[in-house]
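Here is the structure we will look at.
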Amino acid sequence: MPLDAARALAAPPRTARISWAVKDVLLYHLGIGAGHPATDPGELRYTLESRLHVLPSFATVAGGGPPGVIRALSMPGVDVDLARVLHAGQSLTVHRPLPAEGSATTSDRIVAVYDKGGAALLVLRTEAADTDGPLWTCDARIHVRGEGGWGGDRGPSTRGGAPTGPPDRTLGVAVREEQALLYRLTGDRNPLHADTAFAALAGFDRPILHGLCTYGMTLKAVVDTLLDGDVTRVRSCATRFAGVVHPGETLRVRMWRGDGEVTVAVSAVDRGEAPVLTDTTVTHS
Ligand SMILES: CCCCCCC[C@@H](O)CC(=O)SCCNC(=O)CCNC(=O)[C@H](O)C(C)(C)COP(=O)(O)OP(=O)(O)OC[C@H]1O[C@@H](n2cnc3c(N)ncnc32)[C@H](O)[C@@H]1OP(=O)(O)O
């Protein structure tokens, strides 16, 4: 059976040792569009080792990618076809600022399996710690088309939305044509993001962008626009991947300030403002 919810939930956590270097952080920042436009000197904090700050979303790729992507999809009780998988949501809590180089022990396990009828929704939790204590906790929500309908728990029912009032800040963010090809070098080599033939198997007419790439681009937009470029102020970032992003298109990032948090909505400008990220919140100091 490709998906056995009880077995997946009962499986013990998997642990791994990961490490990363300055070069990995620089590559990640390029992968999410840092340095664009190249004329902005502030971008050097993402692209020059002597001024390097680590965007907390680097946690989602530290050590060569989420201890998942393909590995997450082949654990006890989970053996699903990659062409049926979409990233549906992501949350990250950083327990302290990420160092530009380091090593950690990660532990990951499936913490929920929801039966959405036509699909299953898996929640994969990853916790990372080093010798000084916890570093980050991530939850990835993974949508598996065609795997629902076993009569299991449907889970929470949330419909994507955004605040109704005018945003405090709005930013246009260009996604480069080669963005997915660059981003995949950070670890997620899912052919969905590079190979037109594979994208067709998943029901798309061309490769789509990694959800975690849009996630990083959005967090960077918030940090640069509302947090004075200070990556250490970020505490958490949660989002729902409500619609696909195509390399080469322009995104509109709308931000609403709250008390210690920013609510964000991202849409595709040239597709009638189709929602891309909804239910997005960045908490900060
Ligand atoms: C660490 C491991 C990481 C693994 C990553 C995987 C590998 C990567 O390479 C893959 C990718 O990056 S894919 C690219 C990024 N993702 C996308 O582009 C997906 C865009 N979203 C969609 O297409 C649809 O929203 C879609 C298809 C996701 C859902 O659309 P619909 O079927 O129309 O569903 P909808 O009606 O919106 O919702 C159905 C039920 O599911 C719940 N739900 C959906 N997203 C959720 C989320 N993020 N969190 C919680 N619940 C969520 C809905 O609430 C709904 O529940 P119910 O029916 O009970 O109300």
Side-chain angles (χ1 to χ4, degrees), residues 14 16 18 31-32 57 59-75 78 80-92 106 108-128 136-149 152-161 175 179-180 183-184 186-195 198-199 202-204 206-218 238-247 249 251 266-268 271 274-281:
R14 299 178 301 186
I18 63 163
I32 59 159
S57 50
T60 61
V61 303
V69 187
I70 292 162
R71 193 172 147 241
L73 304 172
S74 54
M75 60 198 312
V78 183
V80 296
D81 177 1
L82 194 57
R84 292 174 174 273
V85 166
L86 287 173
H87 204 162
Q90 180 73 34
S91 66
L92 162 71
T106 59
D108 64 285
R109 66 198 160 99
I110 299 286
V111 293
V113 181
Y114 299 125
D115 179 353
K116 294 298 183 181
L121 191 70
L122 310 179
V123 184
L124 175 71
R125 178 161 302 159
T126 305
E127 292 167 302
W136 67 78
T137 304
C138 280
D139 275 3
R141 292 176 192 276
I142 303 166
H143 177 274
V144 190
R145 182 168 39 95
E147 288 289 349
D153 175 11
R154 196 173 178 93
S157 177
T158 53
R159 293 287 151 194
V175 182
Q179 199 84 58
Y183 182 83
R184 69 195 294 276
T186 65
D188 181 351
R189 305 282 178 102
N190 185 346
L192 175 63
H193 310 295
D195 180 354
F198 188 91
F204 299 106
R206 57 188 154 131
I208 61 171
L209 192 63
H210 302 72
L212 287 177
C213 182
T214 315
Y215 178 83
M217 294 176 90
T218 302
T239 197
R240 174 173 181 150
F241 300 117
V244 299
V245 173
H246 298 130
E249 68 183 354
L251 303 178
V266 182
S267 55
R271 284 187 286 128
V276 165
L277 299 190
T278 60
D279 306 275
T280 306
T281 307

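Indexing begins at 1, ligand by ligand and atom by atom, following the structure's order.
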>> Looking at non-hydrogen atoms alone, which of His193, Arg189, Arg145, His143 comes nearest to atom 11 (C) of ligand 1?
In response: His193
>> Distance under 4.0 Å to a non-hydrogen atom of Gly89: what atoms of ligand 1 satisfy this?
In response: 48 (N)
>> Could you work out, for atom 58 (O) of ligand 1, the closest of Lys116, His210, Arg154, Arg240 by heavy-atom distance?
In response: Arg154
> Would you say Gly211 and ligand 1 have an N/O pair spaced under 3.5 Å apart?
Replying inline: yes
> Any idea which atoms of ligand 1 are less than 4.0 Å away from a heavy-atom of Asn190?
Replying inline: 7 (C), 8 (C), 9 (O), 10 (C)
> How does Leu212 reach ligand 1, if at all, at less than 4.0 Å between non-hydrogen atoms: by side chain, backbone, both, or neither?
Replying inline: neither
>> Is there a polar contact between ligand 1 and Leu124, counting only N or O atoms under 3.5 Å apart?
In response: no
> Okay, side chain of Asp279, backbone of Thr239: is any donor-acceptor separation there less than 3.5 Å?
Replying inline: no
> With backbone taken as N, CA, C and O and side chain as the heavy atoms from C-beta onward, which portion of Ala140 lies under 4.0 Å from ligand 1: side chain, backbone, both, or neither?
Replying inline: side chain
>> Determine whether a donor-acceptor pair (N or O, by modelled atom type, separation under 3.5 Å) exists between the side chain of Lys116 and the backbone of Gly148.
In response: no
> Under 3.5 Å, side chain of Arg189 to main-chain N/O of Arg184, donor-acceptor pair present?
Replying inline: yes
>> Under 4.0 Å, counting heavy atoms only: does Ala119 come that close to any atom of ligand 1?
In response: no
> What are the atoms of ligand 1, with element, lying closer than 4.0 Å to any heavy atom of Arg141?
Replying inline: 47 (C), 48 (N), 49 (N), 50 (C)
>> Holding to ring pair (Phe, Tyr, Trp, His ring centres under 6.0 Å), I want the full list of residues that pass it with His143, two or more places apart in sequence or in another chain.
In response: none
> atom 9 (O) of ligand 1: which of Leu209, Leu192, Asp188 has the nearest heavy atom?
Replying inline: Asp188
> So, does Glu249 use its side chain to make a donor-acceptor pair with the main chain of Val175 at under 3.5 Å?
Replying inline: no
> Can you tell me how far CG of Leu212 sits from SG of Cys138, rounded to the nearest 0.5 angstrom?
Replying inline: 8.0 Å
> Any idea which atoms of ligand 1 are less than 4.0 Å away from a heavy-atom of Leu121?
Replying inline: 50 (C), 51 (N), 52 (C)
> Can you tell me if His210 uses its side chain to pair, donor with acceptor, with the backbone of His193 under 3.5 Å?
Replying inline: no
>> For the CZ atom of Arg240 and the OH atom of Tyr215, what is their distance to the nearest 0.5 Å?
In response: 15.5 Å
> Could you go step by step and tell me if Leu82 and Arg84 meet the side chain to side chain contact (heavy atoms under 4.5 Å, CB included) rule?
Replying inline: CA-CA 5 Å; Leu82 194 57; Arg84 292 174 174 273; over 6 Å; no
> Within the structure, does Phe241 bring an N/O atom to less than 3.5 angstrom of an N/O atom in ligand 1?
Replying inline: yes
